[in-house]
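Atoms within a ligand are numbered from 1 in the order they appear, just like the ligands themselves.
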Amino acid sequence: MSNDDNKILLFDTTLRDGEQTPGVSLTPENKLQIAKQLDSLGVDIIEAGFPITSKGETEAVRLITKEKLNAEICALARTSKKDIDIALDCNVDSIHTFIATSDLHLKYKLKMKREEALEKAVETIEYCKSHGVIVEFSAEDATRSNVPYLKEVFKAACDAGADRIDIPDTVGVITPEKIFQLVTDIRTVVNIPISLHCHDDFGLAVANTLAGINAGAKTAHVAVNGLGERAGNASLEELVMSLYSLHRRKTNIKTHLIYETSKLVSRITGIALPPNKAIVGENAFGHESGIHTHGVLTMPLTYEPMAPELVGRRRWIQAGKHAGGHGISAQLSELGIDVTKDQLSDIVARVKDLGDKGKRLSDSDLSALARSVASQTSPEEKIVKMQDFSIMTGLRMVPTASVRVMIDNKIFLASKTGVGPVDSAMKALQKATASFGEIRLNEYRLESITGGSDALAEVRIKVEDSNGVSASSSAAGEDIVVASVEAMLDGINKVLIKRRNLESTAGN
Ligand code: KIV
Ligand code: ZN
């Protein structure tokens, strides 16, 4: 471990306090997998578990110590010989032993006098030290303990040979100002490194840890994704990135592995992350609004306080009602789709329209939309122009479609029945354009791009006239019938334009 003064050491408790998250229970193999990842990530100390808890827990800690990882492997133990012996039997490098020091815990939980708790702490530390392990001593509920007594306990722990003392804010009630003062006070009586163990009951765990570090604490207890009892512990990713970006303090963490570690822990523990979670939440590097998207694409720092790559992530842009041309255009280039300026405006308008209806577009939605806009004939080129169409369908009626199209400034009306609304609409369109001869529908494919009944659908068709002139077209939208009519009309126009071009070449 380095002696670099600027460096903060990370004591990761994902496998201990993190596993105490309600609903989380890990197998020894799960724990080993996470421990290996934490080791690659660069945490200094891995609190592998609380061996006295169960056979599986003891096995997990043993499995981890056998692995000979770079990190110091630590086990939690109460100030009881039985707890310590089991922890020693797991071959750990260090023991994290604790006893509560607040009058509340002493009276109602331990039923002990202050002096007894102090004696227990000293006895246990000396016992651990006689076995040659590193000892970190925690005064549980320190932040609600009587400060002169707490100082006495920590001084005694230090004299008994503890290597580190830890200040747990067990129920997350301290504030940054108060923890700064507490660390400053404790430093007057101990000359060994101080750790902080902050819980997030008021959402202050990271802020409190940072304040304690500013007062001279050297080690931070953290958990990946902020897991832990109740509202959890200080989150590893938030603390590390705040230290790095806001406080210019070093850690041994390889920040580019933060995201994959978070994902792994979330998958194994089954605790999903809220999308707006700092650093590792889905939205932490996502942009939708036109103003922000334009900003980050021009100069990322405008709306990103850190580069996503720093934590192993990538920026992404969401096509939605707040989107603007810059963002959509950047997204399309990433998807490898080239569009003209007019097509881009059309795509943006459609995206906003869908956004107004509450729809968020995934990459595949957007590419389908863009493909369909890019493949469509332009309004000026169109020979047949849609004026209107309507369809009637129901349980006890034959689906019937009526269309009104304009060809050479003349209106043509046609109605047709079919087996369903799409079929009747296609047939009505063919009838309305019958003066050009039959244009058959040779192929029709419908794809739902995203799930759900309001999913964007992509319709792909192929049409052909009696002379073998054919064309393909596609259209995307939330309404299958509208998308089908759009694709069919476009297909008919393409055949007619091709035919006209062929005729004019033949005439030359
Ligand atoms: O929150 C707490 O007080 C703990 C102790 C075991 C340090 O987790
Ligand atoms: Zn805790």
Closer than 2.8 Å to the Zn ion (ligand 2) - protein N, O or S atoms, ordered by chain and residue number: Asp17 OD2, His197 NE2, His199 NE2
Under 3.5 Å: donor-acceptor pair, side chain of Arg313, backbone of Ile279: yes
Between CD1 on residue Ile165 and CZ on residue Phe137, distance to nearest 0.5 Å: 8.5 Å
For Thr21, side chain to side chain contact (heavy atoms under 4.5 Å, CB included) partners two or more places apart: Val24, Leu227, Ile271
Modelled atom types, side-chain donor and acceptor of Asp44 and Asn252, under 3.5 Å: yes
Using a cut-off of under 3.5 Å, which N/O atoms of ligand 1 pair up with protein N/O atoms, and what distance separates each pair?
{"unit_1": "ligand 1", "atom_1": "1 (O)", "unit_2": "His197", "atom_2": "NE2", "d": "3.1"}
{"unit_1": "ligand 1", "atom_1": "1 (O)", "unit_2": "His199", "atom_2": "NE2", "d": "3.0"}
{"unit_1": "ligand 1", "atom_1": "3 (O)", "unit_2": "Thr170", "atom_2": "OG1", "d": "2.6"}
{"unit_1": "ligand 1", "atom_1": "8 (O)", "unit_2": "Arg16", "atom_2": "NH1", "d": "3.4"}
{"unit_1": "ligand 1", "atom_1": "8 (O)", "unit_2": "Arg16", "atom_2": "NH2", "d": "3.0"}
{"unit_1": "ligand 1", "atom_1": "8 (O)", "unit_2": "Asp17", "atom_2": "OD2", "d": "3.1"}
{"unit_1": "ligand 1", "atom_1": "8 (O)", "unit_2": "His197", "atom_2": "NE2", "d": "3.1"}

Between His96 and Phe11, ring centroids under 6.0 Å: yes
Exam field: side chain Ser145 to backbone Asp141, donor-acceptor pair closer than 3.5 Å: yes
Lys/Arg cation over aromatic Tyr149: Arg114, 6.0 Å, 45° cone: yes
Contacts of type side chain to side chain contact (heavy atoms under 4.5 Å, CB included), residue His247, not counting sequence neighbours: Leu210, Asn214, Arg249
CA sep, side-chain torsions, deciding dist, call: His199, His221, ring-ring contact (aromatic ring centres under 6.0 Å, His included): CA-CA 10 Å; His199 277 274; His221 285 208; 9.7 Å; no
